Amino acid sequence: AHGVVRPSRPATGPPPEGEIRIEIDTEKLTLTLFCDEKEWRTYPIAAGRWETMTPVGEWRIVDKGERVGGPFGSRWMALDVPWGNYGIHGTSMPWTIGGYFSSGCVRMFNEDVEEVFDLVPSGTLVTVKGYLPKMDFTQKIGLGSVAPEVVLLQQRLREEGFDPGRCDGRYGSATDARVRDIATVYGLSTGKNMVRDVLRLLGLL
């Protein structure tokens with residue numbers, strides 16, 4: 001058998017007040033709710049299978065639905081991942097919690113997703129960290145690109161002190177400006193080969 005048993009949860013006081021964000025760890029298979037950067041509660045999840053991995057990045061909840069039913073359980077919260085339809089939802093297969101079974105969405109016990117659903121508004125930041133899919137940096141990356149590779153580029157830029165903003169997989173003007181900044185600082189060309197030179201500088205090529 002797969003999965004985990006939903007743990008009993010003693011009362012922990014009233015719902016949190018303050019700025020809420022969600023952090024999902026696909027290695028630990030957990031979803032943690034933070035309030036004003038203080039951990040409030042952690043829940044077990046199921047994540048995407050190896051061939052359909054849950055996308056790493058920084059997303060926003062853009063839609064919420066109740067009574068969705070079927071494999072999506074009792075609640076649905078859509079994420080703004082630009083290359084597919086991904087979300088956080090309940091499940092009609094609770095035995096899958098604690099494993100890698102989905103097509104990339106995050107599954108929760110229905111009781112847990114209902115609790116989270118009531119606490120988080122649309123626009124809530126959802127940070128997903130953990131396992132990465134195989135990356136292909138031989139493809140052309142530039143303004144308008146949308147891909148998991150862009151998320152990793154944005155993360156590496158931030159690590160080097162050139163923060164492009166949210167690591168959302170969209171190569172927009174803010175990411176392009178930070179690529180130009182790091183190219184200039186390190187004496188690289190800002191011409192047509194700028195992005196590839198920066199990828200090499202960051203160890204991605």
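All values reported here derive from a predicted model rather than from experimental measurement.
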For a side chain to side chain contact (heavy atoms under 4.5 Å, CB included) check, start with the C-alpha distance between Tyr100 and Leu29, then their side-chain angles and the critical distance, and finish with the verdict. CA-CA 9 Å; Tyr100 300 92; Leu29 291 172; 3.6 Å; yes

For the [atom1] atom of [X] and the [atom2] atom of [Y], what is their distance to the nearest 0.5 Å?
X      : Y      : atom1 : atom2 : answer
Arg107 : Leu31  : CZ    : CG    : 15.0 Å
Thr127 : Arg21  : OG1   : CZ    : 5.5 Å
Thr30  : Glu23  : OG1   : CD    : 7.5 Å
Ile141 : Leu205 : CD1   : CG    : 8.0 Å
Asp163 : Arg178 : CG    : CZ    : 8.5 Å
Ser145 : Lys140 : OG    : NZ    : 8.0 Å

So which heavy atom on [X] is nearest to which on [Y], and how close?
X      : Y      : result
Ser189 : Gly191 : OG-N, 3.0 Å
Pro55  : Trp83  : CB-CZ2, 3.8 Å
Gly165 : Arg158 : O-NH2, 2.7 Å
Asp112 : Pro44  : OD2-CD, 4.0 Å
Phe137 : Arg196 : O-NH1, 3.6 Å
Cys105 : His89  : CB-NE2, 3.4 Å

Flag the pair [X] / [Y] as yes when at least one side-chain heavy-atom distance between them is below 4.5 Å, and no otherwise.
X      : Y      : answer
Arg200 : Asp197 : yes
Val113 : Tyr43  : no
Pro148 : Met135 : yes
Ile22  : Ile61  : yes
Met77  : Val116 : yes
Phe101 : Met93  : no
Pro82  : Trp59  : yes
Tyr86  : Ser102 : no

Would you say [X]'s side chain and [Y]'s backbone share a donor-acceptor pair under 3.5 angstrom?
X      : Y      : answer
Thr91  : Phe72  : no
Arg156 : Leu202 : yes
Thr26  : Tyr131 : yes
Arg75  : Asn110 : no
Asp80  : Arg60  : yes

Are [Y] and [X] connected in a single hydrophobic cluster, I mean Ile/Leu/Val/Met/Phe/Trp/Tyr linked by side-chain heavy atoms less than 4.5 Å apart?
X      : Y      : answer
Phe34  : Trp40  : no
Val179 : Leu201 : yes
Val151 : Leu125 : no
Val128 : Val146 : yes
Val62  : Val56  : no

Glu27/Lys129 salt bridge by N-O under 4.0 Å criterion: no

Determine, for Asp168 against Arg170, whether the closest basic-nitrogen to carboxylate-oxygen distance falls under 4.0 angstrom. yes

Pair Glu149-Leu153, side chain to side chain contact (heavy atoms under 4.5 Å, CB included): steps then yes or no: CA-CA 6 Å; Glu149 288 80 4; Leu153 168 61; over 6 Å; no

Can you establish whether the number of heavy atoms outside Asp136 located under 6.0 Å from its atom CG is more than 12? yes

Glu111 atom CD, neighbour heavy-atom count above 12 within 6.0 Å: yes

Can a donor-acceptor pair be found between the side chains of Thr32 and Glu39 at a distance below 3.5 Å? no

Side chain to side chain contact (heavy atoms under 4.5 Å, CB included) between Ile24 and Ile88, intermediate numbers included: CA-CA 10 Å; Ile24 293 166; Ile88 303 167; 4.0 Å; yes

Full working for side chain to side chain contact (heavy atoms under 4.5 Å, CB included) between Leu33 and Val120: CA-CA 9 Å; Leu33 206 63; Val120 301; 3.8 Å; yes

